[in-house]
2 protein chains.
Amino acid sequence: MLGSQTEDVALNTTSLLRHINARRCLRLLQNGRQLSRADMARQLGLTRATTGNAMRVLLDAGLVVESAEMSPESRKGRPGVGVSLNPSGAYFVGVDVGTRSLTGVLLDLQMNVVSRIVEPTGPRYRDAGHIAARLLSLIERLLNENPALQEKVEGIGISVPGLVGRDGSVVHAPFLEWRNYPLQSELTARSPADWSVMVCNDAFAFANAELAASATAKAGSMLVVLLAEGIGGAIIDDGRVVMGGHGYSGEIGHTIVSAAGRVDTFEMLAGAKLFTRLFEEGQPVADGVQMLLANVGDKAVDAVLDAWVSGLSAGLVNAIHLLDPGRIVLGGPLAGLYPKLSRRIQADIKRRLLAGFAMPEIRVAQFGADGAAIGAAATIRDTLFALPDLETNTL
Amino acid sequence: MLGSQTEDVALNTTSLLRHINARRCLRLLQNGRQLSRADMARQLGLTRATTGNAMRVLLDAGLVVESAEMSPESRKGRPGVGVSLNPSGAYFVGVDVGTRSLTGVLLDLQMNVVSRIVEPTGPRYRDAGHIAARLLSLIERLLNENPALQEKVEGIGISVPGLVGRDGSVVHAPFLEWRNYPLQSELTARSPADWSVMVCNDAFAFANAELAASATAKAGSMLVVLLAEGIGGAIIDDGRVVMGGHGYSGEIGHTIVSAAGRVDTFEMLAGAKLFTRLFEEGQPVADGVQMLLANVGDKAVDAVLDAWVSGLSAGLVNAIHLLDPGRIVLGGPLAGLYPKLSRRIQADIKRRLLAGFAMPEIRVAQFGADGAAIGAAATIRDTLFALPDLETNTL
DNA sequence: TGATATTTGTTTTTGTATAAGACAAAAACA
DNA sequence: TGTTTTTGTCTTATACAAAAACAAATATCA
């Protein structure tokens, strides 16, 4: 809980300035960047003295470290001392409650995965107390591997496949057969330390991982589509996740799409259900994808892939017209099909797109099965880098 | 240009605090609210002295006025002096470039329309110089009616039916037959005063009017749908307009929708084109709507209205699944059909909605044909109420 | 009617910010 | 070796809000 010292800021006094400057400095160091105090001062329009003060606070908090050697800048004068994020300055737990497995990760400040546990989900739990206990037990095992850093854990993020309200309660998770599960408040109550707890939708979590890891801090506008048995989605605009009125946005899988003469939900036309005839019963989707890729050329396979291409394109085009994402990121097991079919998909999308509309960059997600867990942990990490929200009135 | 004194703020020094506090106070006075300094201090968590200082600045700038009588609070002690926005403290110009007419409005700080000019669009202009001159002439006439307040004009907002880039250039406006029109920069260059100039999409502008006028400052998440010959849309999330990667978001009219056995664009299934057989050639859509409402019961009319109901519902449901708007606002001439058909539309939507999903509140826009012009002017007005963006680094 | 309590808005004092400038230290260059 | 350039810290000046004190204006109660 080192960071929380920096967190409880009065929104009024001059200490707000100090807080803002510290955060702005910290944000410059994201993505592994290393800068001198003078560099930061130039980029932020502050004096060197001010960045120096901010660094003293951040060094004391253990969030940053000085590294003697600085990148060879070939400048004339006295070389600056490099400052960068201290990877072991703070840790964050993320757990993805999947349909088949529970994935827990421990993230450090540099977004590295320090520990990882995957285990089968097991029987569905029917009340909040049980699942909370189960998750806390997983987290305890995750931390026991490195007991030294337990003090530095900032909080836990949980991702769930289903509708999650703004307060972190699971409204409806069909795969888990949960309804109105106050998971976040339950975990907060049972948390062994005063961790912050955030529960969110798995597509949001996955998108957050992509966002946090994207090289440019402002990845701008992005649509993340998770192609698995169902299809989930998350919308990023101006670097922020679009939540919607109740936090349910992004259910792109249930939009109605028309492609190649068929009219059905996007999920049916481009999700794993499209391949049920080709996949074996109970076969993991990822294995099925490998099988498909190995059998390109087979007539039955090609026919279904054709259907997939047009279903995916048609669904994405609808979303593009509505959202104009600068980038589309495809995740989930079915995304593995994209590279082989990218040319056809892009051509199909371009053909359907309205005149004047911009073709988004499309690419496969950089995270795989752990993405949601990592992103859930990153939601906690984000709070350390967040600038104060000046709009909130009810102090 | 009174407000701009308050605008050029260094993001570093302590004056940032003064600026933030002034803006936070000003924002409390939106929507005609009247508060005492002590009220504001309580709501913002500041001392009375601080709000008093902020008020002195705002009073000097002419943006607020003291009103001797305060609402009867039935409190014990000394009554506070009410402070409220000074309606004539600043003015904003908005022009909507419609397909048939040009609508110009002059807005005051309280969102009142002070003057208004509507005139036929006339022949299409083929280069940026002409249309800029045309618009500036309209604006000049608008201001000549009240020459005294020209000094207090903050800027001009222009709304255009088509794709507008983030830099305010018109990328593609099919109805106007414009392509790659650098309208904003042209107007900035030719502007007679150092006004700020903003060009935006007409649906964005309309949505902004609804947002600015909505009682709760944080209208949260909202989908605005403009039902005219085409169908435009704008997405509001967390009180902000979702722009998309290039500023083209909201083209809901071109999403593919399936309803009642037909598969076509939303525009074809729920726009005015659906009624072409019933409307007379060249008849304004608003008149056609009156005709339809007068002839409910007629078989041909009812059949088309049935189609409209299911087309509209299907298109909206897709958007709801993707965006989860807390509220849907229907604007444009066809929105006049909604009140008579609201029960059927709501039932249709509820039937199609995914389990657990929240039914948004649906209502007709409070603005009519002038909405886009008013909203365009409001984009300029918003800059006076905006809090500083702490994220910008390149000072 | 008059004394007291309560609330408001301003003034003064105090603590804490950053900017500006001066300074020594560390390197490049001549 | 001496000069120049750049860095990071220190000191001083200035600006801001909080805290506390204050007078003014009203309600309440005896």
Side-chain angles (χ1 to χ4, degrees), chain A residues 6 8-25 34-60 64-84 388 390 395, chain B residues 6 8-25 34-60 64-84 388 390 395:
Chain A
T6 342
D8 46 358
V9 195
L11 199 55
N12 31 25
T13 175
T14 50
S15 72
L16 177 64
L17 281 182
R18 209 181 172 90
H19 181 245
I20 288 174
N21 287 327
R23 290 292 169 102
R24 295 217 303 156
C25 288
Q34 188 197 41
L35 298 169
S36 71
R37 292 162 173 81
D39 289 333
M40 292 189 266
R42 273 187 294 269
Q43 289 192 41
L44 298 177
L46 303 170
T47 59
R48 296 194 301 273
T50 304
T51 55
N53 287 334
M55 281 312 105
R56 194 173 314 142
V57 174
L58 294 174
L59 283 167
D60 289 349
V64 303
V65 283
E66 294 187 327
S67 36
E69 73 288 348
M70 186 67 185
S71 53
E73 280 286 341
S74 81
R75 288 219 208 93
K76 267 190 190 171
R78 166 178 167 180
V81 306
V83 178
S84 54
L390 304 176
L395 203 70
Chain B
T6 339
D8 46 359
V9 196
L11 200 56
N12 33 23
T13 173
T14 50
S15 72
L16 176 64
L17 284 180
R18 212 182 170 88
H19 181 244
I20 288 174
N21 286 328
R23 289 293 169 102
R24 295 217 304 156
C25 287
Q34 188 198 40
L35 298 169
S36 72
R37 291 160 173 82
D39 289 332
M40 291 189 266
R42 272 187 294 267
Q43 289 192 41
L44 298 177
L46 303 171
T47 59
R48 297 193 301 273
T50 303
T51 55
N53 287 334
M55 282 310 105
R56 195 173 314 141
V57 174
L58 294 173
L59 283 167
D60 289 349
V64 303
V65 283
E66 292 187 328
S67 36
E69 73 287 348
M70 187 66 185
S71 54
E73 280 285 341
S74 80
R75 287 221 207 91
K76 266 190 191 171
R78 167 178 165 179
V81 306
V83 178
S84 54
L390 303 176
L395 203 71

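Below, read A as the first sequence line, B as the second, and so on, with proteins coming before strands; counting in each chain starts at 1.
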Searching all strands shown, indicate the nucleotide that pairs with dA28(C) (Watson-Crick or G-U wobble; both distances under 3.5 Å).
->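 When the pairing criteria are applied, dT3(D) turns out to be the nucleotide that pairs with dA28(C).
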Mind checking [X] for me? I need base, sugar-phosphate or nothing, with any heavy atom below 4.0 Å counting as a touch.
X        : result
Thr51(B) : nothing
Arg48(A) : base
Ala38(B) : sugar-phosphate

Distance in angstrom units between [X] [atom1] and [N] [atom2], rounded:
X        : N       : atom1 : atom2 : result
Met40(A) : dT7(D)  : CE    : C1'   : 12 Å
Ile20(A) : dC16(D) : CD1   : P     : 15 Å
Glu66(B) : dT8(C)  : CD    : P     : 15 Å
Leu46(B) : dC16(D) : CG    : P     : 15 Å
His19(B) : dC16(D) : NE2   : P     : 13 Å
Asn53(A) : dA20(C) : CG    : P     : 15 Å
Asp39(A) : dT5(D)  : CG    : C1'   : 15 Å
Met55(A) : dT7(D)  : CE    : C1'   : 15 Å

Flag the pair [X] / [Y] as yes when at least one side-chain heavy-atom distance between them is below 4.5 Å, and no otherwise.
X        : Y        : answer
Arg42(B) : Asp39(B) : yes
Leu35(B) : Gln43(B) : yes
Arg37(A) : Arg48(A) : no

Phosphate OP1/OP2 of [N] contacted by [X] side-chain N/O (<4.0 Å):
X        : N       : answer
Arg18(A) : dC16(D) : no
Thr14(B) : dA17(C) : no
Arg42(B) : dT8(C)  : yes
Asn21(A) : dT18(C) : yes
Thr13(A) : dG15(C) : no
Arg37(A) : dT6(D)  : no

On DNA chain D, nearest-nucleotide positions of Gly77(A) versus Arg56(A): which is more 5'?
-> Gly77(A)
Closest non-hydrogen atom pair, Leu44(B) against Arg24(B) =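 Reported closest heavy-atom pair: O-NH2, 3.0 Å.
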Ignoring hydrogens and angles, are the base of dT8(C) and the side chain of Arg78(B) linked by a donor-acceptor pair under 3.5 Å?
->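 Checked by distance alone, the answer is yes.
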Apply side chain to side chain contact (heavy atoms under 4.5 Å, CB included) to the pair Val64(B) and Ser84(B), showing each step before the final yes or no.
-> CA-CA 6 Å; Val64(B) 303; Ser84(B) 54; over 6 Å; no
Residue closer to the 5' end of DNA chain C, Ala49(B) versus Ala49(A) (nearest nucleotide) = Ala49(B)
Rounded to the nearest 0.5 Å, how far does OG1 of Thr50(B) lie from CG of Asn21(B)?
->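 Between atom CG of Asn21(B) and atom OG1 of Thr50(B) there are 6.5 Å.
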